[in-house]
Amino acid sequence: CFSSSRAPPAKPVDPKDPAVVAVKAWFETDLDAKYNNTNEVVHFCDAQRQVVSGYNYIFTMLVRSTYGNDTVEWLLHQSKIYERPAWDTSDGPKYEVTRDEVPVFEDADLKLPEEVTRYIETQLAASAESVETSEVVEHYEQRVEVEHVTMNAKEGSLTNDVEIVTAHRVFGRFVVGATKRDMDVSFVTKEDGSFVFFDSVDLGVSEFTGGGGEDGGILPYRKDVKLLTMKTSLFGIFLVGVLTCCILLVHFFRKRQKKSKEDWYIEQLTDIDEL
């Protein structure tokens, strides 16, 4: 059996414990096969182990999934993974997922608190000179309740403590140096307001900003693109004009040729009448 009503409550376990590392690696491989993408447990919000006939590993973790088109998403998982005891040599897998829940994303306020904005900018600035938030386009949250059960040995009673963990997903535009870049940001907060994880994906330049030039700070590359677009548009208009003229000329000559034939037939009929 995977659990028992008489089993002691789960206890915290270090995510660096070799047994936990092995379960984590197996779980990642299981997700890869199940969803046909690449999955990595990037953060343990909570890790517990319960002694049963074997072990129950109870994890609250953030999984980073990467798809074939390089799209990335971060999802909170609340999972229970059963490990068979070493003495059980019967056929069957060593591990089994007995529960894997992914809370739904909920819309969150686009106006981030000042401390959250400052935290994101500080984390992004780790690899840049300066970062400033320009616009928050999307903000989603996943919330989970992490339960800790402790046993009072003297009284023989159980105490439940519940902690709220929130995973945030923010898509926004940030001014990084001389460019405005689209960023996909993931971070995790605890109930006390502390930040425990951060990750981001740079989606590329959305706009060039201040460069001190006479064009209001648009970089030369940006100016070249605009000039090229203008030239292409003018050339396209010229080609359309030439094509229109050709069509009109063909129509004119066909009409004239038709008229010439009609005049010739009239002239022949006139000659016959005279005879």
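Keep in mind that the numbers below use all heavy atoms, side chains included, and drop hydrogens, waters and symmetry copies. Note that the structure is a prediction, hence the values are computed from the model and not measured. We number each residue from 1, following the sequence as shown.
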With [X] via ring-ring contact (aromatic ring centres under 6.0 Å, His included) - residues at least two apart:
X    : value
F59  : F44, Y57
F171 : none
W26  : Y95

Point to revise | The single option from D199, T38, N39 passing side-chain hydrogen bond (donor to acceptor under 3.5 Å, both in side chains) against R64 | key: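 Among D199, T38, N39, the one meeting side-chain hydrogen bond (donor to acceptor under 3.5 Å, both in side chains) with R64 is D199.
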
Between [atom1] of [X] and [atom2] of [Y], what distance do you get to the nearest 0.5 Å?
X    : Y    : atom1 : atom2 : result
R169 : Q142 : CZ    : CD    : 9.5 Å
Q50  : E83  : CD    : CD    : 13.5 Å
L31  : N37  : CG    : CG    : 8.0 Å
R84  : E96  : CZ    : CD    : 9.5 Å
T166 : E106 : OG1   : CD    : 9.5 Å
L112 : T117 : CG    : OG1   : 4.5 Å

Under the salt bridge (charged side-chain N to carboxylate O under 4.0 Å, His left out) test, residues paired with [X] that sit two or more places apart:
X   : result
D14 : none
D17 : R49
E28 : K24
K11 : none

**Study point:** E121/T133 under side chain to side chain contact (heavy atoms under 4.5 Å, CB included): CA gap, chis, key distance, verdict
**Key:** CA-CA 7 Å; E121 292 175 350; T133 303; 2.9 Å; yes

Can you get from [X] to [Y] by hopping between Ile, Leu, Val, Met, Phe, Trp and Tyr side chains that sit under 4.5 Å apart?
X    : Y    : value
V116 : M183 : yes
I120 : L110 : yes
V51  : V13  : yes

Looking only at heavy atoms, which two atoms of [X] and [Y] are closest? And how far apart?
X    : Y    : value
V196 : H43  : O-CE1, 3.4 Å
M61  : S79  : CE-OG, 3.6 Å
P103 : L76  : CD-O, 3.4 Å
P15  : A47  : CG-CB, 4.4 Å
Q48  : A10  : OE1-CB, 3.5 Å
R118 : T122 : O-OG1, 2.7 Å

May I ask you to test the [X]-[Y] pair for a side-chain heavy-atom distance under 4.5 Å?
X    : Y    : answer
W74  : V201 : yes
S65  : V72  : no
F174 : S206 : no
F195 : F187 : yes
Y55  : I81  : no

Among all residues two or more places apart in sequence or in another chain, which pass the side-chain contact (heavy atoms from CB on, under 4.5 Å) test with [X]?
X    : value
P9   : V149, M151, L158
S200 : L124, V185, F198
T150 : T159

[atom1]/[X]: more than 12 non-hydrogen atoms of other groups inside 6.0 Å:
X    : atom1 : value
N36  : CG    : no
N69  : CG    : yes
R99  : CZ    : yes
E114 : CD    : no
K190 : NZ    : no

Does [Y] offer a backbone N or O that forms a donor-acceptor pair with the side chain of [X] under 3.5 Å?
X    : Y    : result
D161 : H148 : no
T179 : V175 : no
E191 : V165 : no

Point to revise | side chain to side chain contact (heavy atoms under 4.5 Å, CB included) between I164 and E145, intermediate numbers included | key: CA-CA 5 Å; I164 304 296; E145 293 184 354; 3.5 Å; yes

Review point. Between H168 and T189, is a side chain to side chain contact (heavy atoms under 4.5 Å, CB included) present by the stated rule, with each step listed?
Key: CA-CA 8 Å; H168 301 261; T189 59; 3.0 Å; yes

Point to revise | With D202, the salt bridge (Lys or Arg N to Asp or Glu O under 4.0 Å) member among R181, R173, K180 | key: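 The salt bridge (Lys or Arg N to Asp or Glu O under 4.0 Å) with D202 is passed solely by R181 among R181, R173, K180.
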
Check your understanding: Cluster partners of V104, using ILVMFWY side-chain heavy atoms under 4.5 angstrom, listed by chain and number?
Key ->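 Members besides V104: none; it forms no cluster.
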
Point to revise | Connected hydrophobic set around V102, excluding itself, where side chains approach under 4.5 Å | key: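 V102 clusters with L75, F105, Y140.
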
Practice item. Test L62 against V41 for side chain to side chain contact (heavy atoms under 4.5 Å, CB included), laying out the working first. Key: CA-CA 6 Å; L62 190 69; V41 177; over 6 Å; no

Point to revise | Donor-acceptor pair between H77 and D100 side chains, under 3.5 angstrom | key: yes

